[in-house]
Structures are given as C-alpha cells and as structure tokens.
Amino acid sequence: MSAEQGLEKLAKQIVVCTKCELHRSRKKAVPGEGPTHAEIMFIGEGPGFHENEQGRPFVGAAGKFLDQLLEQAGVTRADVWITNVVKCRPPGNRDPLPDEVETCTSNYLQHQIKIVDPSIIVTLGRFSMGLFFKGAKISEIHGQMRKVSERFVIAMYHPAAALHQMALKPAIMADFSKLPDLLKEARAGMGKSGAKQGEPKKKEEHEPKQMNLF
Ligand code: SF4
C-alpha cells in the first residue's frame, strides 16, 4: 500500500469511527489534510465549530490566522500537513478527555505521523504539546526545537489562544518566523534547541519529559 493509500484508508476509518464517545456529538470527523510527504506537520487540539461543519482542519478564524502565520514563514497550506490530536469535536468545545486522546492518537495520529514522516512536527496548543513533552509549560518551551524519539518537534501556542489573548500574538508570530531556519536545521539533522547560546540551562525539574508514544 502506498503512503497516499495509507492516509486515505485512515481517513475513511476516521469518518465512520466510533471508538470513543466523541463520535456521538460530531457532525463531521476531521482526519486532516496535506501533501503525503509534507516536511512540516501541524498538530492542533481538536475540531472547532467550523471544522465540525466542514470536515476540514483549521477553517475558522484560527485557521485564517494560521494561514497568515504560514505566509509570514514563506510556506502555504498546500505545503504542510495539518491535523489534530482528536478528530471529532468535543461537545461544547470541552477539553478532550485522556482516554479520548489515547484512543484517537493510538489509532490514527501515530499512524499519520509514521506515514507522512515529516522533518518537523509543530504542536499547536497544550494537548498536542503534551503528547511529546509531558508536564512542559508552553510559556517555557515554545519556539524551541527538540528531538523526541528521533523526530524534531516544536511546541507553539495555538493560533486561537493568540486571537483571544493579544499578548501572545508577538510570541506566536516570532515562533513562526523561525520556521524556515528550524526546517533547515532539521534537514541537516542538527535539531538545536531554540534557547539562546549562553542562556542558563533550566533546572532539571523544569525540563519536559518526553513521551514514548512516537
Ligand atoms: S475522536 Fe478519534 S477515536 Fe474518537 S470517535 Fe473520533 S475518530 Fe474515533
């Protein structure tokens, strides 16, 4: 089976999936989309109102802002793969529950990552960050590229958070503007941290623990 066929097969399973309670309240599941071997994969949290209506990721106000951020980084949506931790909208926009995250990621997201095999994964928001950096604080690690199980991962604020808290906007814009350089680093296998040279190393208890999921 080709990579494209593999992604299509997963998408077909997702749209009829009943593996967790979130299927009860969804209108349309949102498998994710992008070119099969995109170099950058964005992972958001879960579908919102508009995504639930259309079955596509990041199509609301946060999606428009994401498009602006991508443009600023010199890439378009057609260049990147975009998906979410959970593929169905939690009712009332509540947070996805741990068992929903575990069920959905183990059945779908992990396979999507393996197939797309991106050079960089960008997590948007705390739920996707938590898959790779358990216990991390986004305020401490955003914009820094780290190697997690042989994959380069950068945690960033969710565009929706930046729309609601204007104080976060400069940070998310600065992080996105670093993407082209970080991509070059990832291609070269360097994977340097975004921490500035000479910056004091954070105490060990503040270092995020990496999960073995991926
Ligand atoms: S959230 Fe994921 S696991 Fe749950 S029903 Fe939707 S596709 Fe299936």
Side-chain angles (χ1 to χ4, degrees), residues 4 7-96 100-101 104-105 107-109 111-113 115-116 118 120-131 138 142 154-166 168-169 171-173 175-177 179:
E4 198 167 18
L7 289 171
E8 268 173 29
K9 186 178 172 195
L10 286 171
K12 282 182 183 158
Q13 291 169 350
I14 288 167
V15 296
V16 295
C17 178
T18 56
K19 289 183 190 294
C20 85
E21 286 299 300
L22 294 182
H23 82 277
R24 297 188 186 283
S25 50
R26 74 169 176 233
K27 268 193 183 174
K28 287 187 177 173
V30 183
E33 61 191 35
T36 306
H37 293 299
E39 281 199 288
I40 306 176
M41 181 183 240
F42 288 91
I43 305 175
E45 299 194 350
F49 175 84
H50 295 285
E51 291 77 16
N52 184 47
E53 297 287 321
Q54 298 182 37
R56 296 188 55 218
F58 284 89
V59 289
K64 286 201 180 79
F65 185 37
L66 177 63
D67 289 342
Q68 285 175 26
L69 293 164
L70 288 173
E71 192 180 342
Q72 176 198 322
V75 289
T76 69
R77 221 184 242 233
D79 300 322
V80 300
W81 226 83
I82 306 181
T83 189
N84 286 301
V85 171
V86 291
K87 315 301 191 193
C88 302
R89 186 185 190 218
N93 235 15
R94 68 159 167 80
D95 289 343
E100 294 163 349
V101 170
C104 204
T105 55
N107 281 283
Y108 304 119
L109 180 62
H111 299 293
Q112 290 174 321
I113 291 171
I115 294 172
V116 176
I120 288 181
I121 290 175
V122 180
T123 66
L124 300 172
R126 65 194 163 102
F127 283 96
S128 51
M129 178 184 72
L131 295 178
I138 184 102
H142 71 89
I154 312 163
M156 294 196 190
Y157 287 107
H158 195 288
L163 286 178
H164 289 116
Q165 297 179 60
M166 293 307 278
L168 296 181
K169 214 170 172 182
I172 194 172
M173 291 178 81
D175 287 348
F176 267 79
S177 69
L179 256 183

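Heavy-atom basis, side chains included; hydrogens, waters and symmetry copies ignored.
Annotation: cation-pi geometry satisfied between Lys169 and Phe65 (NZ/CZ under 6.0 angstrom from ring centroid, within 45° of ring axis).
Between Arg89 and Glu51 there is no salt bridge, since none of the side-chain N atoms of the basic residue sits less than 4.0 Å from a carboxylate O of the acidic one. In summary, Glu100 and Lys87 do not engage in a salt bridge, as defined by a charged side-chain N under 4.0 Å from a carboxylate O. Between Glu53 and Lys27 there is a salt bridge, since at least one side-chain N of the basic residue sits less than 4.0 Å from a carboxylate O of the acidic one.
To the nearest 0.5 Å, atoms CG (Leu70) and CD1 (Ile40) are separated by 8.0 Å. Distance check, rounded to the nearest 0.5 Å: CD1 of Ile115 to NZ of Lys9 gives 9.0 Å. Rounded to the nearest 0.5 Å, atoms NE2 (His37) and CG (Leu7) are 8.0 Å apart. To the nearest 0.5 Å, atom CD1 of residue Ile43 and atom CG of residue Asn84 are 9.0 Å apart. The CG atom of Leu131 sits 8.5 Å away from atom OG1 of Thr123, with the distance rounded to the nearest 0.5 Å. Between atom CG of residue Leu179 and atom CD1 of residue Ile154 there is a gap of 5.5 Å, rounded to the nearest 0.5 Å.
Counting heavy atoms from C-beta outward, Arg26 and Asn52 have side chains that approach closer than 4.5 Å. Between Pro159 and Leu124 there is a side-chain heavy-atom pair separated by less than 4.5 Å. Contact check for Cys17 versus Gln13: no side-chain heavy atoms found under the 4.5 Å cut-off. For the pair Leu10 and Asn107, the minimum side-chain heavy-atom distance is 4.5 Å or more. The side-chain heavy atoms of Met173 and Gln72, taken from C-beta on, include a pair separated by under 4.5 Å. Counting only heavy atoms from C-beta outward, the side chains of Glu45 and Val85 never approach each other to under 4.5 Å.
Taking every heavy atom of both residues into account, Pro57 and Val30 meet most closely at N-CG1, 3.3 Å. Among all heavy-atom pairs drawn from Met41 and Pro118, the shortest one is CB-CG, 3.7 Å. The two residues Thr83 and Gln112 come nearest to each other via the heavy atoms OG1-OE1, 3.7 Å. Shown here for Asp67 and Arg77, the closest heavy-atom pair between the two residues is OD1-NE, 2.7 Å. Closest non-hydrogen pair, Pro91 versus Ser25, comes out as CD-OG, 3.4 Å. Annotation for Ile172 and Ala162: closest pair CG2-CB, 3.8 Å, computed over non-hydrogen atoms.
With hydrogens and angles disregarded, no donor-acceptor distance shorter than 3.5 Å links the side chain of Trp81 to the backbone of Ala38. Between the side chain of His111 and the main chain of Tyr108, no donor-acceptor pair closer than 3.5 Å is present.
Taking the six-membered ring where tryptophan is involved, the planes of His142 and Tyr157 are tilted, since the angle between them lies from 30° to 60°.
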Checklist entry - Can you list the steps and then say if Ile82 with Leu66 is a side-chain contact (heavy atoms from CB on, under 4.5 Å)? => result CA-CA 11 Å; Ile82 306 181; Leu66 177 63; 3.9 Å; yes

Next on the checklist: For a ring pair (Phe, Tyr, Trp, His ring centres under 6.0 Å) check, start with the C-alpha distance between His158 and Phe42, then their side-chain angles and the critical distance, and finish with the verdict.
Outcome noted: CA-CA 10 Å; His158 195 288; Phe42 288 91; over 10 Å; no

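More than 12 non-hydrogen atoms from other residues, nucleotides or ligands lie less than 6.0 angstrom from NE2 of His23. At most 12 heavy atoms of other shown residues, nucleotides or ligands fall within 6.0 angstrom of atom CD in Glu71.
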